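The structure appears below as structure tokens.
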Amino acid sequence: MSRANRTAISPKRSENYPEWYQQVVRAAELAENSPVRGCMVIKPWGYMLWENMQRVLDDMFKATGHKNAYFPLFIPVSYLEREARHVEGFAKECAVVTHHRLEAGEKGKLVPAGELEEPLVVRPTSETIIGETFAKWIQSYRDLPLLINQWANVVRWEMRTRLFLRTAEFLWQEGHTAHATREEAIEETLRMLDVYADFAENWMAMPVIKGEKTEGERFPGAVNTYSIEALMQDRKALQAGTSHFLGQNFSRAANIAFTNEEGNRNLAWTTSWGASTRLIGGLVMTHGDDDGLIIPPKLAPSHLAILPVLHGKADRSGILEYCNRIKEELGATTYHGRNLWVEIDDRDLRGGEKMWSWIKKGIPTWIEVGPREMASKSVFLGRRDKGPKGRKGVDLDEFLATFPQVLDDIQDNLYRRALQFREDHTKRLHCKDDFYAFFTPQNRELPEIHGGYALAHYSGEPEVEEQIQKDLSVTVRCIPQTDGGEPGTCIFTGKPSAGRVVFAKSY
RNA sequence: CGGGCCGUAGCGCAGCCUGGUAGCGCACUUGCAUGGGGUGCAAGGGGUCAGGAGUUCAAAUCUCCUCGGCCCGACCA
């Protein structure tokens, strides 16, 4: 392939999507596999991205009245046992600590010793231990609502893992709240769903559908589960955040009770909600292209790479000084809550090679600065959303004055592009045959990218969901909040349906 | 955990069928020349061929087991 139309990532998305994903994560230096099965090493570029996500989400949680706290990594097995459906849901994927020391064995081996009286589970989620704590903290209605969030790592011993999308250990936040009334708790559940949707759309530039999960997809122990669902470029849905109304299930299990104004003892109503490093996987698959990652400016670890063109008899120090002035001026500029971050890349590499390394990492913009720019007081600006062919010279003063708008324009462009993609691959389907055709690849041996979101009427029988999952690996992603409940007829059973639901293959 | 494919230098691969103890491209190191789309020439470094056991005079190559990766299924943020 000629250099001019070679892509930085191979295979391309259209050739082998899962492999493309792995290659982007590697090429962008987000993360790599570790010696520990199913666990990843998050590299600095990936971790900075996560820190930005954390910061923004954390601000949103604080703005809605939540406070951070930290609870133990280890949970006594007996805690988990208290809520029957919760046990069922998590028992199979728990890492269990049974010993508390190592002793020297044969041939220098270390063997576990000192068996624990009660095994400890490495938290897969913290409802039980936080519930136990809440029970102590809450005595009176005056202690409510209790609005807590925790940033933590959790472990779920998954059978199949993929970097960021599903790893045995992952980073997340889990919010846990307790309320005096059912209504208040439901309100909280939906408020946090809105926070996630706001974050996804306005920060990640990732359009999402908000909705309620069907019974089969519900969090173990929840009364209702809500999620935001994003459509990836292989047209599979990604659950990008969840919010659960837990009713009084966990209050009953942990005895989270309070005395109300009338002096009566009541069980609290609780919620929990979480978003994880999986969001990074979603970002890769929403915006990435065949040249690598594309990071929305509002979350980018770095907004601008300055690539000085230093060669031959060029005025090296003059150019570097010119670059430094740009860096200093932009670095003092606030952009959506933090200062612009600018890097001068003066590595001794060829220009093209250097440029491509930043393209693969997904930096929103880069400028090349050499003698020509110096002479004409300009910069040669590249935008990641437009690709290397779209670079152009811009007057320096104009560049400095408009740079934040350029970033906003990229942010908007990424969102519009992703929204367009979703609309292009969302179909309203009116019969079962069309539904099956929509989700069946032309080539069964080597399935091409197919499907998308199917909006169809569904009367709610769990057996129907089981059947289509068996036939097509398609599930109900959610019952969308937005669809106003236009009634119709279920395309599977012919029974009345209250509204269309969203079907898709999913991660 | 079931079915399929795969594991050879940092990355991508050839060699395996028809055993004779390792090769290619990119990357890396050094030098020179270069230098605005991923450079050229030259000289180098790096692999217990995923791990273990077996068959054999001899195993990357054949057999078995284990581990890891990807896809499909089950499960799942």
Side-chain angles (χ1 to χ4, degrees), chain A residues 2-11 16-23 26-27 32-39 88-93 124-125 154-174 196 213 216-217 219-220 225 227-229 238-244 272-282 291 307-314 319 348-360 366-373 379-380 382 387-391 393 441 444-447 466 469-473 475 505-507:
Chain A
S2 71
R3 286 246 152 85
N5 52 26
R6 168 182 157 193
T7 58
I9 302 296
S10 79
N16 183 344
Y17 194 87
E19 183 59 24
W20 166 85
Y21 175 81
Q22 299 280 120
Q23 293 302 331
R26 193 206 326 261
E32 58 192 37
N33 278 306
S34 75
V36 185
R37 180 199 152 91
C39 297
E88 264 178 57
F90 285 104
K92 282 174 290 185
E93 53 187 41
T125 178
V154 287
V155 168
R156 299 182 187 173
W157 217 260
E158 300 290 349
M159 296 174 182
R160 274 175 67 188
T161 60
R162 298 182 74 183
L163 291 171
F164 291 115
L165 297 172
R166 174 165 295 107
T167 44
E169 178 192 14
F170 57 94
L171 306 183
W172 79 344
Q173 68 49 228
E174 44 181 325
Y196 289 143
K213 287 294 194 184
E217 299 276 322
F219 176 77
T225 288
S227 70
I228 54 170
E229 300 282 333
L238 183 80
Q239 181 173 314
T242 52
S243 189
H244 315 290
S272 69
W273 28 275
S276 71
T277 39
R278 175 179 245 201
L279 288 169
I280 294 174
D291 287 327
L307 314 181
V309 178
L310 305 165
H311 54 87
K313 297 169 188 67
I319 291 171
D348 185 19
L349 291 178
R350 275 181 61 87
E353 199 177 342
K354 215 185 266 193
M355 178 179 79
W356 281 103
S357 75
W358 288 105
I359 290 174
K360 286 184 276 192
W366 70 93
I367 54 176
E368 288 152 88
V369 176
R372 284 181 226 160
E373 285 72 27
V379 298
F380 197 59
K389 287 183 185 126
R391 289 179 294 161
R444 280 167 192 271
E445 299 299 306
L446 201 75
E466 272 173 46
Q469 174 156 15
K470 198 166 147 248
D471 293 346
L472 303 166
S473 329
T475 50
K505 302 196 186 198
S506 71
Y507 279 92

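None of these values were measured; they are calculated from a predicted model. The chains referred to below are lettered A, B, ... by the order of the sequence lines, with proteins before strands, and numbering in each begins at 1.
- The side-chain heavy atoms of S227(A) and T242(A), taken from C-beta on, include a pair separated by under 4.5 Å.
- Between the T277(A) side chain and the F170(A) main chain, no donor and acceptor come within less than 3.5 Å of each other.
- Per the stacking criterion (ring centres < 5.5 Å, plane angle < 30°), W356(A) does not stack onto the base of G37(B).
- Proximity note for K389(A) (side chain, C-beta onward) versus G36(B), G37(B), G12(B): the nearest is G37(B).
- Between H244(A) and F219(A), the ring planes lie parallel to each other; the angle is under 30°, not in the 30° to 60° tilted range.
- Spacing of C1' atoms, U66(B) relative to C28(B), comes out at 33 Å, to the nearest Å.
- Here the separation of C67(B) from C13(B), taken at their C1' atoms, is 23 Å to the nearest Å.
- Across the C1' atoms, A22(B) and C49(B) are found 8 Å apart, a figure rounded to whole Å.
- The main-chain N or O of F90(A) is never found under 3.5 Å from a side-chain atom of E93(A) such that the two would form a donor-acceptor pair.
- Nucleotides U39(B) and U34(B) have their C1' atoms positioned 7 Å apart, rounded to a whole Å.
- Contact check, R350(A) against G36(B): a side-chain N or O comes under 4.0 Å of OP1 or OP2.
- Here, A9(B) and C24(B) have their C1' atoms 12 Å apart, quoted to the whole Å.
- Across all strands shown, U63(B) pairs with A53(B); the Watson-Crick or G-U wobble distances both stay below 3.5 Å.
- When the side-chain nitrogen and oxygen atoms of R391(A) are compared with OP1 and OP2 of G37(B), one or more of them lie within a distance under 4.0 Å.
- When the C1' atom is used for both U56(B) and U61(B), the distance is 13 Å, rounded to whole Å.
- OP1 or OP2 of C75(B) has at least one side-chain nitrogen or oxygen of Q469(A) nearer than 4.0 Å.
- Look at G23(B): its Watson-Crick or wobble partner, with both distances under 3.5 angstrom, is C13(B).
- Residue K213(A) is out of contact with every strand shown, counting any heavy-atom pair closer than 4.0 Å.
- Contact between the side-chain N/O atoms of R26(A) and the OP1/OP2 oxygens of G69(B) is not found at any separation under 4.0 Å.
- Between the side chain of E373(A) and the base of G36(B), at least one donor-acceptor pair of N or O atoms lies under 3.5 Å.
- Contacts of L165(A) with the nucleic acid, taken as non-hydrogen atoms under 4.0 Å apart, include base atoms.
- Base pairing annotation: U39(B) forms a Watson-Crick or G-U wobble pair with A33(B), both donor-acceptor distances under 3.5 Å.
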